[in-house]
Amino acid sequence: MRWTLKPKPSQEKVKHLVDELKVDELIATLLVQRGIETFDDARQFFRPSLDDLHNPYLMKDMDKAVSRIERAILKGENILVFGDYDVDGTTAVSLMSSYLKSVYPNIATYIPDRYDEGYGISYKGIDFAEDNGFTLIIALDCGIKSIEHVLYAKEKNIDFIICDHHRPGETLPEAVAVLDPKRDDCSYPYDELCGCGVGFKLVQALAQNRNQTIEDLIPYLDLVATAIAADIVPITGENRVLAKFGLEVINANPRPGIKALIQNLKKKVLTITDVVFIIAPRINAAGRIKHGNEAVALLTEYDLDQAEFFASEIEQHNSDRKDLDKQITVEALSQIEENNEKEKFTTVVYNENWHKGVIGIVASRLTETYYRPTIVFTKSGDKLAASARSVKDFDVYNALEACAEHLEQFGGHMYAAGMTLKEENYQNFKNAFEQEVEKTIHPDLLIPEISVDAEIELSYINERLIRILNQFEPFGPQNMTPVFMCKNVKDTGYGKTIGQNDEHLKLFIKQNNSEGFGVIGFGLGNKLELTKNQNPFDIAFCIDENEFNGNVTVQLRLKDLR
């Protein structure tokens with residue numbers, strides 16, 4: 001594990017914020033590190049407001065999308081809402097279909113089968129639309145590269161509106177409207193929306209057209225916040241506003257489907273992290289194990305009893321998913337050992353029997369053991385399909401682009417991607433990918449990094465600091481929970497390991513004559529020796545509040561110690 005202390009930002013900018021906001025230097029430093037440099041930036045950061053959302057009509061083609069939908073409603077056309085089977089796709093389909101159904105009845109949804117149709121717009125989906133008299137398809141979280149599919153639909157007199165957030169290729173599909181803030185010719189002010197976020201902008205534009213206000217759309221924000229959390233997009237700008245207000249909906253008055261998923265939790269107030277680890281995997285499990293339709297059914301159900309029934313089925317899928325991903329991870333790790341591939345720059349593994357629905361999770365698990373770009377393949381029809389995961393600061397999408405000659409198709413972004421190839425090309429691709437990564441990756445990127453925001457003394461931690469840090473939430477990419485470093489601390493003799501296999505570490509530490517703090521280090525039980533006999537050590541940590549029997553105490557959550 002390498003610790004890197006973030007460079008100190010410009011002292012001039014820090015001093016400016018200290019004077020403007022009347023905060024101390026540490027808080028000002030943390031803000032400047034997050035790109036917040038003026039009083040107005042800080043106001044938007046600490047007090048996000050729905051008024052900060054951009055006008056949806058600033059997005060290229062938005063006017064075309066709205067007028068085509070309004071024409072369909074006027075003429076009584078059937079509209080099919082189509083989306084990917086993951087959390088971003090199923091929340092987007094649930095959002096768009098439930099909004100449209102509130103103004104018009106002829107709406108249906110379509111989620112492709114992960115195994116039969118694969119990712120994105122499918123010919124089978126278009127045939128379904130033709131057979132059932134649909135003349136307009138709204139595609140969400142997919143479609144930006146579906147040139148042939150959109151032409152195929154055109155021949156059948158079916159129009160497409162595409163709402164996507166993935167990187168476009170050289171040419172755009174010939175759809176009626178292509179909403180994607182990453183289009184080169186789109187000057188929309190914020191281009192980090194997720195697929196559900198782009199769908200929300202279309203809903204916002206339709207609502208404006210009907211003299212509805214943003215207040216009317218608040219009940220849909222639980223879906224948007226769930227997608228933002230699950231898709232790991234930056235929690236900046238519009239995403240921050242949508243995530244904050246969406247979390248409020250999740251905690252105060254979520255839709256029955258989300259309520260059914262979370263009602264048995266001990267926690268009363270959920271954070272973005274809880275959404276990532278509790279709500280998102282369950283919604284995802286439907287498409288991984290059974291079918292994404294089950295997630296849409298859950299998220300669009302208005303009867304709580306029925307929602308609870310759907311949620312219990314999804315709970316079972318999630319349990320099956322956990323068993324599968326554990327088993328496949330063990331098999332993949334032994335494959336790496338058997339092939340003597342522990343020392344490589346990449347992990348590329350394949351077994352035709354692995355469950356396609358969990359290979360992305362397995363890829364993430366493998367990076368926990370061998371910290372390097374990872375691809376997990378399985379058999380899918382007559383091809384091989386794979387999920388890729390990257391390590392911090394390495395663009396796996398670019399690496400795949402360099403190996404594209406061996407691939408049938410691929411798509412994704414910097415940290416995660418999917419691909420298919422012919423079985424006979426597997427070994428050539430595996431070799432090419434290893435060579436490309438070896439050539440382009442900086443050796444440091446193969447060692448997990450703890451990025452430390454600032455070095456502080458323990459005496460600096462008090463209620464006021466914690467109160468302000470709580471206002472930095474919601475946390476996520478580009479606004480991560482601050483990590484601090486503290487040097488020469490000592491355990492007061494309390495240190496012990498806890499957990500079934502003694503894998504966690506519990507300490508009570510002091511620095512000089514400071515007040516003492518309880519410390520928990522998940523997975524750091526093996527570091528107990530370093531803390532014994534009053535030996536001084538350094539810690540990298542986050543500041544947490546621990547609630548027990550109604551008492552709230554400050555607790556330091558260790559990232560590492562040395």
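Only heavy atoms go into these numbers, but all of them, side chains included; no hydrogens, no water, no symmetry mates.
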* Asked: Checking side chain to side chain contact (heavy atoms under 4.5 Å, CB included) for the pair I137/I161: CA distance, chi angles, key distance, verdict?
  -> CA-CA 6 Å; I137 299 177; I161 290 169; over 6 Å; no
* Show the numbers, then the answer: is there a side chain to side chain donor-acceptor pair (under 3.5 Å) between N470 and E545? => CA-CA 10 Å; N470 286 342; E545 286 175 297; 3.2 Å; yes
* Starting from the C-alpha separation in whole Å, work towards a yes-or-no answer on side chain to side chain contact (heavy atoms under 4.5 Å, CB included) for L265 and L270. => CA-CA 10 Å; L265 293 179; L270 300 190; 3.9 Å; yes
* **Full working for salt bridge (charged side-chain N to carboxylate O under 4.0 Å, His left out) between K182 and D191** => CA-CA 6 Å; K182 291 196 177 77; D191 66 359; over 6 Å; no
* To do: Report the C-alpha distance between L53 and L50 in whole Å, list the side-chain angles of each, state the deciding distance to 0.1 Å, and finish with yes or no for side chain to side chain contact (heavy atoms under 4.5 Å, CB included).
  => CA-CA 6 Å; L53 296 177; L50 291 167; 4.0 Å; yes
* To do: In sequence, state the C-alpha distance, the side-chain angles, and the governing distance for Q212 and Y99, and then conclude on side chain to side chain donor-acceptor pair (under 3.5 Å).
  => CA-CA 12 Å; Q212 291 173 300; Y99 176 76; 2.5 Å; yes
* Can H54 and Y188 be said to form a ring pair (Phe, Tyr, Trp, His ring centres under 6.0 Å), step by step? -> CA-CA 8 Å; H54 303 300; Y188 189 72; 5.6 Å; yes
* To do: Give the C-alpha distance, both sets of side-chain angles, the deciding distance and a yes or no for side chain to side chain donor-acceptor pair (under 3.5 Å) between E77 and Y104.
  => CA-CA 10 Å; E77 293 178 58; Y104 179 66; over 6 Å; no
* **Verdict with reasoning, D159 to T135, per side chain to side chain contact (heavy atoms under 4.5 Å, CB included)** => CA-CA 6 Å; D159 284 340; T135 45; over 6 Å; no
* Yes or no on salt bridge (charged side-chain N to carboxylate O under 4.0 Å, His left out) for R167 and D395, after CA distance, side-chain angles and deciding distance? -> CA-CA 13 Å; R167 288 191 216 171; D395 194 327; 3.1 Å; yes
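L179 contributes atom CG, which lies 8.5 Å from atom SG of C186 (distance to the nearest 0.5 angstrom). Note that the OG1 atom of T90 and the CG atom of L95 stand 11.5 Å from one another [nearest 0.5 Å]. D88 contributes atom CG, which lies 9.0 Å from atom CG of L140 (distance to the nearest 0.5 angstrom). Of the inter-residue distances, the one linking S94 atom OG with L299 atom CG reads 4.0 Å to the nearest 0.5 angstrom. Atom CG of L247 is separated from atom CG of L221 by 10.5 Å, given to the nearest 0.5 angstrom. Atoms CD1 and OG1, on I278 and T271 in that order, are 7.5 Å from each other to the nearest 0.5 Å.
The local environment of CG in D184 is sparse, with at most 12 non-hydrogen atoms from other residues, nucleotides or ligands closer than 6.0 Å. Atom NZ of K259 is surrounded by 12 or fewer heavy atoms from other residues, nucleotides or ligands within 6.0 Å. Around the NZ atom of K379, the shell of radius 6.0 Å holds more than 12 heavy atoms that belong to other residues, nucleotides or ligands.
F128 and F134 have parallel rings, their planes meeting at less than 30° on a 0 to 90° scale where 60° marks the start of perpendicular. Ring geometry, Y152 versus Y123: the interplanar angle exceeds 60°, so the pair is classed perpendicular (tilted spans 30 to 60°).
Summarising the geometry of S364 relative to R389, their closest heavy-atom pair is OG-NE, 3.4 Å, with the distance given to 0.1 Å.
Screening T378, V362, D323 against I328 for a side chain to side chain contact (heavy atoms under 4.5 Å, CB included) leaves a single residue, V362.
Side-chain contact between V233 and P477: absent, with no pair of heavy atoms (C-beta onward) separated by less than 4.5 Å. Residues L445 and Y371 have side chains not in contact (no heavy-atom distance under 4.5 Å, counting atoms from C-beta outward). In this structure, V391 and V396 have side chains that are not in contact, with every pair of non-hydrogen atoms separated by 4.5 Å or more. L469 is listed as a side-chain neighbour of L30, based on a closest heavy-atom distance under 4.5 Å. Using a 4.5 Å heavy-atom cutoff, the side chains of I218 and V249 are in contact. Under the 4.5 Å side-chain criterion, counting only non-hydrogen atoms from C-beta, T369 is not in contact with T347.
Side chains of R321 and N318: a donor-acceptor N/O pair is present below 3.5 angstrom, by distance only. Between the side chains of Q204 and N55, no donor-acceptor pair is found at a separation under 3.5 Å. If you check the side chains of R372 and T367, you find no donor sitting under 3.5 Å from an acceptor. Side-chain polar atoms of Y110 and E117 form a donor-acceptor pair below 3.5 angstrom. Between the side chains of Y85 and D113, no donor N or O sits under 3.5 Å from an acceptor N or O. S49 and D52 are not linked by any side-chain donor-acceptor pair at a separation below 3.5 angstrom, with hydrogens and angles left out of the test. Inspection of the H165 and D141 side chains reveals an N or O donor paired with an N or O acceptor under 3.5 Å.
Take E192 and apply the salt bridge (charged side-chain N to carboxylate O under 4.0 Å, His left out) test, not counting sequence neighbours, and it matches no residue. Legend: residues meeting salt bridge (charged side-chain N to carboxylate O under 4.0 Å, His left out) with E174, ordered by chain and number and at least two apart, are K154. With sequence neighbours left out, the side chain to side chain donor-acceptor pair (under 3.5 Å) criterion links E301 to no other residue.
Checked for salt-bridge contact, K244 and E473 miss the test: no charged N lies under 4.0 Å from a carboxylate O. Salt-bridge annotation for R282 and E313: absent, with no side-chain N of the basic residue lying under 4.0 Å from a carboxylate O of the acidic one. Using a 4.0 Å cut-off between charged side-chain N and carboxylate O, D453 and K6 make a salt bridge. Salt bridge absent: K326 and D320 never bring a charged side-chain N and a carboxylate O closer than 4.0 Å.
For residues 53-62, the salt bridge (Lys or Arg N to Asp or Glu O under 4.0 Å) pairs, not counting sequence neighbours, are D61-K64, D61-R183.
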Could you tabulate the donor-acceptor pairs under 3.5 Å formed by side-chain atoms of residues 409-421, not counting sequence neighbours?
residue, atom, partner, partner atom, Å
Y415, OH, D393, N, 2.8

Do any side-chain atoms of residues 142-150 form donor-acceptor pairs under 3.5 angstrom with protein atoms, and if so which ones, sequence neighbours left out?
residue, atom, partner, partner atom, Å
K145, NZ, Y397, OH, 2.7
H149, NE2, I121, O, 3.2

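When ring centroids are compared, F472 and F46 come within the 6.0 Å threshold. Ring centroid separation for the pair H291 and Y115 does not come in under the 6.0 Å cut-off.
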